[in-house]
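A short worksheet on the structure shown next.
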Amino acid sequence: MKLWAGRFSKDIDKRTNDFNSSVSFDSRMYAQDIEGSIAHAKMLTAKGIISIEDGVSIIYGLMGIRSDIDEGKLVIDPNAEDIHTFIEQTLTERIGDAGKRLHTGRSRNDQVALDIRLYLRDECDAVIDLLRDLIKSLNTKGEENAHAIMPGYTHLQRAQPITFKAHLSAYTEMLKRDIGRVEDAKKRMNVSPLGSGALAGTTYPVDRQLVADLLDFDSYTASTLDGVSDRDFCIELASALSLIMVHLSRLSEEIVLWCSWEFKFIELDDAFSTGSSIMPQKKNPDITELVRGKSGRVFGDLMGLLTVMKGIPLAYNKDMQEDKEAVFDAFDTVKICLTTLVPMIDTMKVIPENMRKAAAGGFINATDCADYLVSKGLPFRDAYKATGEVVALCIKEGKTLETLSLEEYKGICELFDDGVYEAINLENCVKRRGM
Ligand code: ARG
């Protein structure tokens, strides 16, 4: 039987029920739904809107449902309209009339707006913890290889010498901003919608602040219409999660490159790699490729949410039921990516010799050579031009800046002396840049 059966003369068509039902994806919020209902029941009792006896019976009934679902003793009915309906109906089956009083002064519209906020609050904390784990892993890898010098790239062309540690710390900066964005969105979301009712509040003397306090919210929504129809927080979070995926995808792309035979800067642990069904020699970085690929899902979730919300009039509309799968998927995806990336990075072997070898080619110390001439009094543009000629000579002679003789240097610019070899030494180059 439907909650709204009174007005209807027919039972719902199965196809309507299946199409309309959200229980297959909102049942994951059962704990939050019960937590919200307990707070609501406490408030109704405190305000004398329901009797103490009913209040106590509701609260114990809800606690029993919670532990029965936790322990698998109560199976959520897949044909229920949604998790809110299932819990309320189960409560009434168990405790009788008192169960029917729980929904006094409340609508599923403010109830669902509350449940998602409570659920996503915990999800934010989980993602923040995982981001912190990844920052720690990257810092540790950098510290363990503090002296590893590699070519820094622009346009994927060797550009200037850098340390591996400096390269990784660019990612830790991105991840720190990601944490800030999630915290920021979480803060804005942390406002209780309960008391908004269906859209126009309630005529009962509810205490919205008490409910907000019981559920650890900073405040409650000022507009009841906004309280039930705001999903900005889903969009903000999906946006923050999309940026996280941009960062994880870029890191993944670099790891794919680094473990190729062309680079071989790192080697992934066997436990975090995969093989080929036909090529016996293969060891593939599937994890990183999947992270790169899964970024598309999260961007899709964000686009879906924006599109769902853009054209609906105030206040609640059923379109909004589409919010959950998108935002849940975005969180699930980011969490599984981080959960797998962290141990993969912890166990990957860094090969500083190969980084150093790559850094020795490609004339990545040419800027330092030009800077050296500047220190001898030459204007930078002239120093740049002279160094360009030095590089051209090296290419012609099959030499490097390190193996070119002083005579050859002097043939291009009289200002060169023995000090040039110190200036272009890669270790000195990175040290001078404070890496
Ligand atoms: N399952 C619904 C959702 O996720 C709950 C709210 C239903 N409200 C209503 N008026 N039909 O949005």
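This chain uses plain numbering: 1 for the first residue, then up along the sequence. Remember, it's 1-based here, ligands and their atoms both numbered in the order they're listed.
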(message) Can you tell me if Tyr384 has over 12 outside heavy atoms packed within less than 6.0 Å of its OH?
(response) no

(message) Surrounding CZ of Phe19 (heavy atoms of other residues, nucleotides or ligands, distance under 6.0 Å), is the total greater than 12?
(response) no

(request) Using a strict 4.0 Å cut-off to heavy atoms of Asn109, name the atoms of ligand 1 that fall inside it. (result) 8 (N), 9 (C), 10 (N)

(message) Here's a test for you: under side chain to side chain donor-acceptor pair (under 3.5 Å), which of Arg28, His84, Arg108 qualifies with Asp115?
(response) His84

(message) With a 4.0 Å cut-off on heavy atoms, is Lys324 in contact with ligand 1?
(response) yes

(request) Establish, yes or no, whether the cationic atom of Arg121 lies under 6.0 Å from the six-membered ring centre of Phe217 and within 45° of the ring axis. (result) yes

(message) Could you identify the single nearest non-hydrogen protein atom to atom 3 (C) of ligand 1 and state the distance to 0.1 Å?
(response) Tyr316 OH, 3.3 Å

(message) Do the side chains of Asp68 and Arg94 get close enough for a salt bridge, i.e. N-O under 4.0 angstrom?
(response) yes

(request) Considering heavy atoms of the protein only, find what lies nearest to atom 11 (N) of ligand 1 and give residue, atom and distance to 0.1 Å. (result) Arg108 NH2, 3.7 Å

(message) How far is atom 5 (C) of ligand 1 from the closest protein heavy atom, and which atom is that?
(response) Asp82 OD2, 3.6 Å

(request) List the closest protein heavy-atom neighbour of atom 2 (C) of ligand 1: residue, atom name, distance to the nearest 0.1 Å. (result) Gln321 OE1, 3.2 Å

